[in-house]
Amino acid sequence: MSMNNNESTALGIIAGSLVGAAVGILFAPYKGSKTRQIIADEAVLAKEKLETELASAKDIIAKTTIDLKDRVVSSTETKQQTLEEQVNALAHDASHKADDVINTLEKKLTELKLKNKKLQKTS
């Protein structure tokens with residue numbers, strides 16, 4: 001059975017890690033107890049650094065979330081105002097159109113009344 005590139009790469013990484021660990025142990029500059037203490041100290045420092053970075057990231061995310069919320073609220077309010085302005089403009093235009101229609105109908109009614117009078121006189 002042949003291995004694909006991913007399997008070969010994974011196998012190479014594992015083998016390299018094992019060889020690196022063995023060489024590191026063989027050529028370690030300190031006794032095991034001191035090496036363990038150094039590793040423990042580095043782990044504590046790494047943990048503290050990670051906690052600090054996580055707290056910083058949390059603050060950044062919180063600020064970004066608040067900013068995004070504020071922008072969404074502002075945008076929604078602006079769009080609502082724009083929509084209200086458009087509705088008011090349409091109502092205003094419709095009112096003028098209605099007045100125009102009523103005026104036109106009144107003129108037509110007056111014309112029809114005159115025509116009706118003329119027809120009644122001729123009959």
Side-chain angles (χ1 to χ4, degrees):
M1 198 189 301
S2 67
M3 286 194 280
N4 62 27
N5 284 342
N6 291 337
E7 291 172 343
S8 297
T9 302
L11 186 60
I13 290 172
I14 291 169
S17 297
L18 291 173
V19 169
V23 169
I25 289 170
L26 291 174
F27 293 103
Y30 305 109
K31 289 183 180 180
S33 59
K34 183 166 180 148
T35 300
R36 286 190 294 278
Q37 184 62 47
I38 291 172
I39 291 171
D41 292 344
E42 290 295 321
V44 169
L45 290 175
K47 178 186 171 201
E48 290 171 357
K49 182 178 178 184
L50 181 61
E51 287 172 347
T52 303
E53 289 178 4
L54 286 174
S56 176
K58 181 181 174 185
D59 290 342
I60 291 169
I61 290 170
K63 288 176 185 176
T64 303
T65 302
I66 290 169
D67 290 345
L68 181 59
K69 178 187 161 223
D70 290 344
R71 279 194 266 164
V72 168
V73 168
S74 175
S75 176
T76 302
E77 289 172 354
T78 301
K79 287 180 182 178
Q80 182 179 3
Q81 290 172 352
T82 303
L83 181 60
E84 288 175 5
E85 290 169 0
Q86 290 175 349
V87 167
N88 289 336
L90 284 172
H92 185 263
D93 289 347
S95 175
H96 285 291
K97 299 281 185 197
D99 286 343
D100 291 344
V101 169
I102 290 170
N103 290 335
T104 303
L105 288 173
E106 287 174 344
K107 286 179 188 177
K108 290 293 182 183
L109 182 60
T110 304
E111 289 174 10
L112 286 172
K113 285 181 179 181
L114 287 174
K115 285 183 183 181
N116 190 30
K117 277 187 182 181
K118 285 181 185 178
L119 286 173
Q120 286 179 354
K121 285 182 184 179
T122 57
S123 342

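In what follows, residues are counted from 1 in the order of the sequence shown. Note that this is a predicted model, so its numbers are computed, not measured.
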Nearest-0.5 Å distance that lies between atom CG in Asp67 and atom OG in Ser74: 12.0 Å

I'd like to know if the side chain of Asn116 reaches the main chain of Leu112, judged simply by a donor and an acceptor atom lying under 3.5 Å from each other, with no hydrogens or angles considered. no

With sequence neighbours left out, what residues match Glu51 under salt bridge (Lys or Arg N to Asp or Glu O under 4.0 Å)? Lys47

Give a yes or no on whether the backbone of Thr52 and the side-chain of Ser56 come within a donor-acceptor separation of less than 3.5 Å. no

Is any side-chain heavy atom of Ser33 closer than 4.5 Å to a side-chain heavy atom of Gln37? no

Residue pair Ile13 / Ser17, side-chain heavy-atom distance below 4.5 Å: yes

The complete set of side-chain hydrogen bond (donor to acceptor under 3.5 Å, both in side chains) pairs with one or both residues in residues 98-112, sequence neighbours excluded, reads none

Working to the nearest 0.5 Å, report the span between CZ of Arg71 and OG1 of Thr64. 8.5 Å

Linking directly or through intermediates, with side-chain heavy atoms under 4.5 Å: list the remaining ILVMFWY members grouped with Leu54, chain and number order. Leu50

So do the side chains of Leu109 and Lys113 get within less than 4.5 Å of each other, counting heavy atoms only? yes

Taking only residues two or more places apart in sequence, or in another chain, which ones meet Leu45 in a side chain to side chain contact (heavy atoms under 4.5 Å, CB included)? Glu42, Glu48

With a cutoff of under 4.5 Å between side-chain heavy atoms, which Ile, Leu, Val, Met, Phe, Trp and Tyr residues group with Leu105? Val101

Ile61 backbone acceptor or donor facing Thr65 side chain under 3.5 Å: yes

Note: with side-chain heavy atoms under 4.5 Å as the link, the other cluster members for Ile60 come out as none

